[in-house]
**Student:** 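My questions will all concern the structure given below.
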Amino acid sequence: MIRKIYKFGGASVKDADAVRNLKSIIEKENRDELILVVSAMGKTTNAIEKALAEFRKNNGHLEISALSEIIEYHEKIMIDLFEGNTSHPIFEVMTNLFLDLYLNLQETGFDYDYQYDNTVSFGEILSTTLISTYLNECGIKNELLDAREYIITDHNFRAANPNWDDCRLRIQKLSDNHDGTMYITQGFIAGTISPKTTTTLGREGSDFTAAIFANCMDAQEVTIWKDVDGVRNADPKRFPNTQKISHLSYLEAIELAFYGASIIHPKTLKPLQNKNIPLKVKSFVDTSLEPTIIDNTEDYIEYVPSFIVKEKQTLMSITARDFSFMNEHNRAIIFNIMDELNLHANMTQVSALVLSICFDENEKKKLQLIETLSQSFKIKYNDGLQLFTIRHYHEGLEKDFVKDKKIYIEQRSRSTYQIVLE
Ligand code: ASP
Ligand code: MG
């Protein structure tokens, strides 16, 4: 029976040594109860995003050399892992995948979001094909699953929503028929049934994939392997002297993820909470370190303040053209449209006449929102802002971060302080 889901992100498979490290981690495990969810290697997703932009700029007319960085990067890892044996069948398999990616990149006549999912998804296909073959070669028997057959979603490309009934049906069947072979599958990528297409769950969505599998097969636990030793109260790349939070409740973790703590994809926690499946965040660099555990604890935990910065924010202020109050009626109109656009408010503030909404930059959706509202509402906005949040706030904690910056909105509740700034 499958009990555990291990998610390995891009950094944990970024080169041949990292893949060997993954192997040494799972070697010690009961693999017959394990499923691995693996991301694209290193920064491959960014690299394909960049290539896609180039292909679209050139109407698809680029040589395959436009992909040489991506190809050489994977080939280097392959040559290292397969000890230079380029006659191994994996080389041909991967070459065919590169060609397939190239063909998909040329098809620039399609809608951007659709083509995005059809191309960027190759990052995960490449990584899992390579890693699965390597592990089998080393005697770690495993079966590669195509996540697009199990994580079934709607057609909301680039942020697809799982169709839970379909996912459950397929994943449970997989679980029931499991013969003890370890499974490997892709994070982030998913599929629709009819017509059959590839979708993705949103950047950094592999955590969410792990949670969907866990929920649908009633797993015992999910472990996310990271290059940090667990959840910290701030991003160590941005703040000095961060602290590890060794135990937190789902609710606290959901709050942190909601405000933009990048340690866990925000959609990951609910499917786990619903089935009471603990989530461990553990270091792949030093496996002797204790993980952070996120579960349904009701113990009182005195959390240290957490500092979270969300970049690339748009702040929009909306006023009715007839100067009517920004009342529930007007707000309902605006939020309904945002809901239809799948545009999520990270922070809102309302005065007599103005509704201010802060959301993640998205040029296309912003223009759609403006267009739909412009008959009745006057709209102003600023892009390129930051949303800074402090959980478990106390007076003065914001000072160092905020100093000298231009403040747009500030908001404070009993436990949380938020500010939008430049
Ligand atoms: N490879 C995807 C990304 O970089 C998904 C993930 O890593 O979770 O966004
Ligand atoms: Mg990642």
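We count ligands from 1, going down the list as the structure has it; atoms in each ligand are counted the same way. Keep in mind that this is a model prediction, so the values were computed, not measured.
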**Student:** Run the contact test for Glu124 against ligand 1 with a 4.0 Å cut-off on heavy atoms, strictly below, and give the result.
**Tutor:** yes
**Student:** Work out which heavy atom in Ile277 is nearest to a heavy atom in Ala214; give both atom names and the distance.
**Tutor:**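 In terms of heavy atoms, the two residues are closest at CD1-O, 3.5 Å.
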**Student:** Would you mind telling me if ligand 1 is within reach of the side chain of His265, the backbone, both or neither, using heavy atoms under 4.0 Å?
**Tutor:**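 Looking at His265 and ligand 1, no heavy atom falls under 4.0 Å.
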**Student:** Within the 3.5 Å criterion, strictly below it, is a donor on Ser121 or Thr198 matched to an acceptor on the partner's side chain?
**Tutor:**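 Side chains of Ser121 and Thr198: no pair found under 3.5 Å.
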**Student:** Please examine the side chains of Met338 and Ile357, heavy atoms only from C-beta on, and report whether any two atoms are closer than 4.5 Å.
**Tutor:**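 Sidechains of Met338 and Ile357: in contact.
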**Student:** Can you name the nearest heavy-atom pair linking Tyr73 to Lys14, along with the distance?
**Tutor:** OH-O, 2.7 Å
**Student:** When you look at Glu29 and Lys4, which way does the salt bridge (charged side-chain N to carboxylate O under 4.0 Å, His left out) test go after all the steps?
**Tutor:** CA-CA 10 Å; Glu29 297 293 324; Lys4 292 184 181 177; 3.6 Å; yes
**Student:** Arg203 versus ligand 1: do any nitrogen or oxygen atoms come within less than 3.5 Å of each other?
**Tutor:**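 N/O-N/O distance below 3.5 Å exists for this pair.
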**Student:** Ligand 1 versus Ser39, non-hydrogen atoms closer than 4.0 Å: side chain, backbone, both, neither?
**Tutor:**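 The answer is the side chain.
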**Student:** I need the atoms of ligand 1 closer than 4.0 Å to a non-hydrogen atom of Thr45, numbered in the order shown.
**Tutor:**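 Once the distances to Thr45 are compared, the set is 1 (N), 2 (C), 3 (C), 4 (O).
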**Student:** Below 4.0 Å from any atom of ligand 1, is there a heavy atom belonging to Gly123?
**Tutor:**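 Distance cut 4.0 Å: Gly123 fails for ligand 1.
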**Student:** Would you say Glu204 has any N or O atom under 3.5 Å from an N or O of ligand 1, going by distance alone?
**Tutor:**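 The answer is yes, given that Glu204 and ligand 1 share an N or O pair closer than 3.5 Å.
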**Student:** Do Arg158 and Thr200 have side-chain atoms, one donor and one acceptor, less than 3.5 Å apart?
**Tutor:**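 The answer is no; no qualifying pair exists.
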